[in-house]
Amino acid sequence: METKFIFITGGVVSGLGKGITAASLGRLLKNRGYKVVNQKMDPYINVDPGTMSPYEHGEVFVTDDGAETDLDLGHYERFTDVNLTANSSITSGKIYKEVIEKERKGDYLGKTVQVIPHVTDAIKEKIYSFEKSNVDIVITEIGGTVGDIESGPMIEAIRQVGQEKESNRCAYIHVTLLPYISGSNELKSKPTQHSVKELQSLGIKADILVERADAKIPDNLKEKIALFCNVKKENVIENTTVDNLYEIPIMLEENGLARAICDKLELKNKKPKNKEWEKMVDNIKKISQSKKTVNIAIVGKYTRLEDSYLSVAESIRHGGFANNVKTNIKYIDCEKISARNIKAILKDINGVIIPGGFGDRGIAGMVLTAKYCRENKIPFLGICLGMQIAVMEFAKNVLKLKDVSSQEFDENCKNPVIHIMDDQIDVNEKGGTMRLGAYPCELKNGSYARKIYGEKLISERHRHRYEYNNKYKEAMEKAGLEVVGTSPDGRLVEMVELKGHPFFIGGQFHPEFKSRPDRPAPLFREFVKKAKEYICK
C-alpha cells in the first residue's frame, strides 16, 4: 500500500486539542490494522524545545533516538503505543537551520534561496521520508493557528503535498471552536466559517472539520457548517468535552472521524478492534467513581504550569489504572518548602515524586522532601534530578559529609556526589555534554528494582548531564543506599534504592516517557501500589 498522508490544522484559538485529535485518530486507524506514525510541525524558530523554559511550552518529551520534542509526541506515543523518532518532530528553526547550512555549503549551486521552493521542499522532505519505511499512514499536525505568520511555509508545504499526490492519498482535517454564547444559549459557527475561509485563502480545502464544543451540536448547525464551509455534513465531526482523556478515541469513533478518513483515503474501513481500549476506558470510569483516593505529590520547580510535568502526571494516572485506585495529584512548589512547614505540606500525602529539572533554584526544598520521605517511610520516587537529590540528601544527613552538592549547583564543593565525569560520554549538537535518549540499564540480582521490572536488562530514556560519583558508592552502599542499576559495563549508575524502606527508589532516567495507559511504566505501577498501601500519619 502506498503511504497516505493526513494533515491536521487548527483555527480560531490554540489549545483546542489538535494533538489529542491526531493521537486519537492514530489509535483508531491502528485498531483497523494500519501502521501509523504521527508527526508534529511546530512553527517556532527554536531548533527544538530543549533550551526553552517549561513555562513556555510545557515538558520536553524525549524519544528513543534522543530528540528533544514537543509534549504532543508524548500524547502520540501514549495513544498509539508507537515509539517515535526525531523525524516526528519538526520545527521552523530546524528547517531554516538545514536550509542555511546547505546554502553555506553551496548545495543550491548559487541560486537565490527562497521560501518557495527551498524551505517548502525541506519541509516536504520530512513528510515524504516515511515513504521509505513500511508506514501506511502519516498523521502530521501543524502547530499554532491557521493565519499565524510563522506557520505560512508549513501550510504551503502541505498544500503542495495535496497537489503532488493523488486525491485518495491526502486528507485535510481542520479543528476549530464552536463557542457557546450563554446569552443566546446557542453554539456559534461564525468563527469556524472565518477559519475555514482563511485556510481556503491559503489554497487548502478542508475535507473534515472537527468541531470542539462544550455542548452537543444540533443537526441543523452541522448542516449550516457543511453548507458554508463546503464539506459534507457527515464530515462535520463533533468533539465534545469528556471526563477522561482516554475516552476521546471512542467518542471520535462514535462521531465518525475514522469512517470519514477511510472514505476520503479510500481505505478499507475494516471493523475496528476497539474492545481492549473500550474495556480500559470502562475501567477508568469505574475507578473515577471510587471513594478510595491516593494522594501523590509532585515536588518540583515548574509547578505553576502543570504541563511541565505532563508525562509524569499521566504515568501516575496509569499506575492508578493498574491498581484500581483514583489518583489525586498535588503540585508542590519546592521553593515553598521549609523545615517548619514540610510536615503540614505533606500531610495526607501517600507518595512523593521529585521529577527532573535543571538549575539550583528550589534545591533546598527538594532535599528536605527527600529527607522527610526517607525518615517517615513515605513512598518516594526520584526521577533524574530527583535521584540526584536523594543521593545528595543521603550523603549529607546519613554519611554526615560536609559541603555536599552537585557540580551543577556548586563546581567547587568539597563533596560532589553528583558530577561531570572526566570523560563525559556524549557531546550533543548544542556543544554541551548530555545523555539524551534510550540507554541500557542492567539491574542487580535480588534487588527490588529487578523484581519490579521482572527482567535483568532494561532500556530507559535519559535527559541529563550530571552523573552519580562512583567515588562515594562504597560508603553509600555500606550505609544503606544501594546501587541497583548500572550501565552494562558498570561505569554509569542508573538506579539506587534504600534498604529497609517500603519504596525509596531513584532513577537517573525518565520512566514516564515510556508509560502507556494500558501498560504503565513498572516504576509508576509499583510506586502507586505502595502509595495505596501507605497510611498517612
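This chain uses plain numbering: 1 for the first residue, then up along the sequence.
Using modelled atom types, one finds no donor on one side chain facing an acceptor on the other under 3.5 Å when comparing Asp42 with Thr91. At a cut-off of 3.5 Å, with distance as the only test, a side-chain donor of Arg78 or Ser311 sits close to an acceptor on the other residue. Between Glu253 and Asn274, the side chains place a donor N or O and an acceptor N or O closer than 3.5 Å (distance only, hydrogens not considered). Thr63 and Asp65 are linked by a side-chain donor-acceptor pair at a separation below 3.5 angstrom, with hydrogens and angles left out of the test. Side-chain atoms of Arg212 and Thr241 include a donor-acceptor pair closer than 3.5 Å. With hydrogens and angles left out, the side-chain atoms of Gln39 and Thr140 include a donor and acceptor closer than 3.5 Å. Of the N and O atoms on the side chains of Glu314 and Tyr246, at least one donor lies less than 3.5 Å from an acceptor on the other residue. For the 3.5 Å distance criterion, the side chains of Thr192 and Thr176 qualify, holding a donor opposite an acceptor. Residues Asn328 and Thr293 bring no donor and acceptor atom of their side chains to less than 3.5 Å of each other. Checking Lys35 against Asn134 by side-chain atom types alone, a donor-acceptor pair falls below 3.5 Å. With hydrogens and angles left out, the side-chain atoms of Tyr453 and Glu460 include a donor and acceptor closer than 3.5 Å. Inspection of the Tyr302 and Glu59 side chains reveals no N or O donor paired with an N or O acceptor under 3.5 Å.
Aromatic ring centroids of His464 and Phe358 lie 6.0 Å or more apart. Centroid-to-centroid, the aromatic rings of Phe527 and Phe503 come within less than 6.0 Å. The ring of Tyr439 has its center no closer than 6.0 angstrom to the ring center of Phe509. If you look at Tyr128 and Phe5, their ring centroids are closer than 6.0 Å.
A distance-only check finds no donor-acceptor pair linking the side chain of Thr120 to the backbone of Ile116 [under 3.5 Å]. Using a distance-only test at 3.5 Å, with no hydrogens or angles considered, a donor-acceptor pair links the side chain of Arg27 to the main chain of Phe79. Between the side chain of Lys264 and the backbone N or O of Ser167 there is at least one donor-acceptor pair closer than 3.5 Å. Remark: side-chain polar atoms of Asn323 are not paired, donor with acceptor, to backbone N or O of Val325 under 3.5 angstrom. Judged purely by atom type and a 3.5 angstrom limit, Lys94 uses its side chain to pair as donor or acceptor with the backbone of Ser89. With Asn235 contributing its side chain and Asp207 its backbone, the two residues share a donor-acceptor pair below 3.5 Å. In terms of modelled atom types and a separation under 3.5 Å, the side chain of Lys4 and the main chain of Asn168 share a donor-acceptor contact.
Heavy atoms of other residues, nucleotides or ligands lying less than 6.0 angstrom from NZ of Lys30 number more than 12.
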Please walk me through it: do Glu234 and Lys222 pass salt bridge (Lys or Arg N to Asp or Glu O under 4.0 Å)?
CA-CA 8 Å; Glu234 58 266 30; Lys222 287 185 179 180; over 6 Å; no
Verdict with supporting geometry, Lys132 and Glu125, salt bridge (Lys or Arg N to Asp or Glu O under 4.0 Å):
CA-CA 11 Å; Lys132 301 171 185 176; Glu125 183 183 333; over 6 Å; no
Apply salt bridge (Lys or Arg N to Asp or Glu O under 4.0 Å) to the pair Asp263 and Arg259, showing each step before the final yes or no.
CA-CA 6 Å; Asp263 287 348; Arg259 182 269 313 152; 3.7 Å; yes
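Geometrically, Lys270 engages Tyr34 in a cation-pi contact defined by less than 6.0 Å to the ring centre and at most 45° from the axis.
By the 4.0 Å N-to-carboxylate-O rule, Lys279 lies too far from Asp282 to be salt-bridged with it. Electrostatic pairing of Glu166 and Arg169 counts as a salt bridge here, judged by a charged N lying under 4.0 Å from a carboxylate O.
Interatomic distance, Met280 CE to Arg519 CZ, rounded to the nearest 0.5 Å: 12.0 Å.
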